[in-house]
Amino acid sequence: QVQLVESGGGLVQAGGSLRLSCAASGLPFSSYSMGWFRQYPGKEREFVAAISQYGGTTYLETVKGRFTISRDDAKNAMYLQIDTLITDDTAVYYCAAARRYSRYLRNYDYWGQGTEVTVSS
């Protein structure tokens, strides 16, 4: 049974930093591309960042320079470092796993339950 479990969300002030983590189990982690998505209330889930099996990365244009995605295959974990938080970063963040490197939600096979990030001004 595949499980993806996010952690690290919380309430932070604008300008601060957060590191989100995604712990994976039940799948050959190193063979999967991984992604982060976020969802605002009442909105569709949107792509934020992805990292391939080989370490290649891609980001939503508006988060480049503030978000950094990484993975540790030895720990079956993926991370999202968010720096210089802004109120628009307030959302539920989801990690996901895909057999192929993709920015598209439909290509992801497994999803976590999400972790909430709230940024106060």
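In what follows, residues are counted from 1 in the order of the sequence shown.
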Is a side-chain N or O of [X] found less than 3.5 angstrom from the main chain of [Y], in a donor-acceptor match?
X      : Y      : result
Arg71  : Phe29  : yes
Asn107 : Arg100 : no
Arg45  : Val92  : no
Tyr79  : Asp72  : no
Thr115 : Ser7   : no

Could you tell me how the ring of Phe37 sits relative to the ring of Phe47: parallel (under 30°), tilted (30 to 60°) or perpendicular (over 60°)?
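Taking Phe47 first and then Phe37, their aromatic rings stand perpendicular (interplane angle over 60°).
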So Trp111 and Tyr94, would you call those rings parallel, tilted or perpendicular, with 30° and 60° as cut-offs?
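Rings of Trp111 and Tyr94: perpendicular, as their planes differ by over 60°.
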Distance from [X] atom [atom1] to [Y] atom [atom2], nearest 0.5 Å?
X      : Y     : atom1 : atom2 : answer
Gln53  : Ser30 : CD    : OG    : 8.5 Å
Leu105 : Gln39 : CG    : CD    : 9.0 Å
Ser25  : Leu4  : OG    : CG    : 7.5 Å
Ile82  : Thr68 : CD1   : OG1   : 10.0 Å
Gln81  : Ser21 : CD    : OG    : 9.5 Å
Arg103 : Thr58 : CZ    : OG1   : 4.0 Å

Between [X] and [Y], which heavy-atom pair has the shortest distance, and what is it?
X      : Y      : result
Leu27  : Ala97  : CD1-CB, 3.9 Å
Ala50  : Ser102 : CB-O, 3.7 Å
Ser121 : Thr87  : CB-CG2, 3.8 Å

Is the OH atom of Tyr104 crowded by more than 12 outside heavy atoms at less than 6.0 Å?
no
Indicate yes or no: at least one non-hydrogen side-chain atom of [X] is less than 4.5 angstrom from one of [Y].
X     : Y      : answer
Leu20 : Glu6   : no
Met34 : Tyr108 : no
Arg38 : Leu80  : no
Asp88 : Tyr40  : yes

In one Ile/Leu/Val/Met/Phe/Trp/Tyr side-chain cluster, 4.5 Å: [X], [Y]:
X      : Y     : answer
Tyr32  : Val2  : yes
Tyr101 : Trp36 : no
Val48  : Val12 : yes

Would you kindly check if the NZ (Lys) or CZ (Arg) of Arg66 is within the cone defined by 45 degrees around the ring axis of Tyr59 and under 6.0 Å from the six-membered ring centre?
no
Looking at Val119, Asp89, Leu85, which one forms a side-chain contact (heavy atoms from CB on, under 4.5 Å) with Leu18?
Leu85
